[in-house]
Amino acid sequence: MAITDVSGGPVFEGSASSASVAERIRTCDEGVVVDDRVLSWRWLRDHATDPASFDARATQRLTPPDVVAAASAGRVDVDAAGGRVIVAWGDGSFADFSVPDLLTMGDATVAAAAGRPDAVAWDAVGMRSRHRTVGHADLVADDHGRRTALRYFWEDGFVHLTGVPIDHAATRSAIECFGGVRSSIFGDLWEFGNDGDLDDLASTPSEITPHTDGTYSHDAPGVLALHCHEYEAEGGGNVLVDGAYVAERLRRESPDLHDVMCTIEVPGRYVGDDAHLVARRPPLRYVGDRFEQISYNHHDRAPFWHSEPLMTQVFDGLAAIDRIAADPAAQFEVDLRPGDMILLDNWRILHGRRAFRGQRRMAGGYVNREDVESTWRRLSVDVDLDV
């Protein structure tokens with residue numbers, strides 16, 4: 001192993017590729033510079049990996065904040081062949097990083113993406129040409145089936161399962177392939193027909209326009225699962241709209257309204273079923289330049305007020321989102337029949353339903369956003385995802 005002490009000047013051994021790694025790293029008074037990213041001595045000390053500073057089993061930091069605040073320059077060595085940087089201090093603590101980790105660790109956009117596949121924004125024509133399904137037997141058989149389903153989920157914003165047995169145990173097991181079932185005012189698993197049992201339009205045969213769930217929750221569910229248990233009806237098709245497509249189209253057609261929708265909080269509420277829930281956030285949210293969330297539900301919007309002309313701009317922005325979501329060019333319709341199940345990225349996909357006549361019964365549940373991200377990370381470690 002060729003070790004270079006960059007604090008004493010670059011000395012390269014081994015191959016040209018090894019030398020190129022070391023050439024990317026230097027020290028300055030503030031800390032270590034990797035390419036153009038400056039990592040301060042305090043930052044490096046805060047990320048020390050020796051046993052006294054970090055519990056690797058629990059992945060928890062042990063270094064007290066005052067020790068971090070008092071950190072000074074350490075010895076910096078580069079393992080050029082292995083692509084690693086080691087920083088050591090006189091008290092025996094050290095930090096050991098790979099160069100790629102140093103270039104991405106702490107990056108907000110990378111953290112938000114959670115290492116997941118990139119979303120592929122779609123319109124109706126695009127989704128009809130690439131609509132994919134996963135059999136329930138494949139989902140529950142092994143990690144390969146779960147990775148496939150999760151990959152489709154991140155890329156398309158939803159995954160369509162087929163052959164799911166019509167009972168609550170199967171509904172639960174399918175949801176739990178994505179994460180723990182989230183409890184809500186409707187319980188953990190729920191079931192609804194069109195008998196008016198719930199104080200919600202979902203419990204009627206009426207049309208429901210495209211929306212996201214949980215605008216009245218401070219932390220909207222990350223996943224919405226809908227499992228068809230009964231269908232003796234005419235109509236009732238489920239409508240899906242890609243929020244990434246809505247956001248991009250609004251940015252292109254009305255950039256001023258797009259900016260308003262990114263900054264002004266709109267409240268949602270749920271009043272009924274022994275609950276009165278209220279929360280607020282902007283309809284569109286980004287992390288850096290990456291689209292992260294759409295939060296829009298015309299049916300559940302709470303009363304609110306701004307002075308003019310802002311109030312008019314907010315109404316125009318909401319109407320623009322609704323207009324784009326109502327455009328047939330944006331809507332992909334899925335006719336769920338008994339045994340079909342869709343799991344939606346509720347931070348990305350707007351869903352709605354056509355009006356219907358007859359009997360239709362759905363079961364389902366929610367999963368927290370961090371739980372489905374956790375499942376993806378756990379299943380993705382050291383695995384080839386080209387499925």
Side-chain angles (χ1 to χ4, degrees), residues 116-134 139 148-162 164 171 174-175 178 192 200-202 205-215 220-228 231 233 235-250 283-284 291-300 320-356 360 362-367 369 372:
R116 62 185 183 247
D118 289 335
V120 182
W122 50 264
D123 59 10
V125 171
M127 181 47 64
R128 280 195 291 269
S129 68
R130 80 164 195 258
H131 177 219
R132 303 172 286 190
T133 63
V134 175
L139 175 74
T148 300
L150 279 164
R151 179 184 167 197
Y152 294 172
F153 175 86
W154 291 125
E155 290 177 349
D156 298 339
F158 72 98
V159 62
H160 182 176
L161 305 181
T162 59
V164 185
T171 303
I175 294 174
F178 287 68
F192 62 88
D200 192 286
L201 284 173
S206 301
E207 178 182 11
I208 303 175
T209 58
H211 64 282
T212 59
D213 278 14
T215 55
V223 180
L224 162 65
L226 293 171
H227 181 195
C228 183
Y231 182 88
N238 288 84
V239 176
L240 309 182
V241 176
D242 189 355
Y245 168 84
V246 172
E248 179 53 37
R249 186 166 153 185
L250 181 60
L284 301 178
F291 171 74
E292 186 69 7
Q293 184 179 15
I294 186 167
S295 182
Y296 176 79
N297 192 324
H298 174 71
H299 302 296
D300 286 349
I321 289 176
D322 202 75
R323 172 179 53 78
I324 295 170
D327 186 346
Q331 296 186 343
F332 175 67
E333 186 166 334
V334 181
D335 291 322
L336 298 182
R337 296 296 183 264
D340 285 338
M341 185 174 184
I342 52 173
L343 295 104
L344 308 172
D345 182 344
N346 187 57
W347 284 22
R348 174 180 167 189
I349 300 297
L350 302 156
H351 66 282
R353 185 194 64 205
R354 308 294 188 201
F356 66 94
R360 182 178 179 273
M362 292 283 176
Y366 296 121
V367 176
R369 179 70 166 198
V372 68

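Note that these values count all heavy atoms, side chains included, but never hydrogens, waters or copies made by symmetry. Residues take their numbers from the sequence shown, with the count starting at 1.
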Starting from the C-alpha separation in whole Å, work towards a yes-or-no answer on side chain to side chain contact (heavy atoms under 4.5 Å, CB included) for R353 and M362.
CA-CA 12 Å; R353 185 194 64 205; M362 292 283 176; over 6 Å; no
For W154, run the side-chain contact (heavy atoms from CB on, under 4.5 Å) check against V120, D118, V372 and tell me which one passes.
V372
For R354, salt bridge (Lys or Arg N to Asp or Glu O under 4.0 Å) partners two or more places apart:
E333
Which heavy atom of A363 sits nearest a heavy atom of T171, and at what distance?
CB-OG1, 4.2 Å
Rounded to the nearest 0.5 Å, what separates atom CG in N238 from atom CG in L336?
4.5 Å
I need the minimum non-hydrogen distance between I321 and P283, along with the two atoms involved.
CD1-CB, 4.0 Å
Separation between CZ (F158) and CZ (R348), nearest 0.5 Å, reads 9.0 Å
First locate atom CG of L139, then atom CE of M341, and finally report the distance between them rounded to the nearest 0.5 Å.
9.0 Å
Taking all non-hydrogen atoms of both residues, which atom of A325 and which atom of P210 are closest, and how far apart?
O-CG, 3.9 Å
Can you name the closest pair of heavy atoms from N346 and L224 and give their distance?
CB-N, 4.4 Å
Pairs where residues 121-130 contributes a residue and the test side-chain hydrogen bond (donor to acceptor under 3.5 Å, both in side chains) is met, not counting sequence neighbours:
R130-D156
Nearest 0.5 Å, what's the CD-OG1 distance between Q331 and T209?
9.5 Å
Residue set satisfying side-chain hydrogen bond (donor to acceptor under 3.5 Å, both in side chains) with D213, at least two apart, ordered chain then number -> H211, H351, Y366
D327: partners by salt bridge (Lys or Arg N to Asp or Glu O under 4.0 Å), with sequence neighbours left out:
R249
Atom pair NE2/OG1 of H160 and T133 - distance to nearest 0.5 Å:
6.5 Å
For residues R151 and P117, report the shortest heavy-atom separation together with the two atoms involved.
CG-CG, 4.2 Å
Spatial distance of atom CG (D345) from atom CD1 (I294) [nearest 0.5 Å]:
11.5 Å
Any side-chain to backbone donor/acceptor pair from R132 onto Y152? Under 3.5 Å, distance only.
no
Decide yes or no for F178 and V159: does some side-chain heavy atom of the first lie under 4.5 Å from some side-chain heavy atom of the second?
yes
Is there a side chain to side chain contact (heavy atoms under 4.5 Å, CB included) between V134 and T162? Walk through the geometry before answering.
CA-CA 6 Å; V134 175; T162 59; over 6 Å; no
Of all residues at least two apart in sequence or in a different chain, which pass the ring-ring contact (aromatic ring centres under 6.0 Å, His included) check with F332?
H131
Sequence neighbours left out, what passes ring-ring contact (aromatic ring centres under 6.0 Å, His included) with Y245? Give chain and number order.
none
Y296/L284 under side chain to side chain contact (heavy atoms under 4.5 Å, CB included): CA gap, chis, key distance, verdict
CA-CA 8 Å; Y296 176 79; L284 301 178; over 6 Å; no
Restricting to non-hydrogen atoms, name the atom on L240 and the atom on I342 that form the minimum distance, rounded to 0.1 Å.
CD2-CD1, 4.3 Å
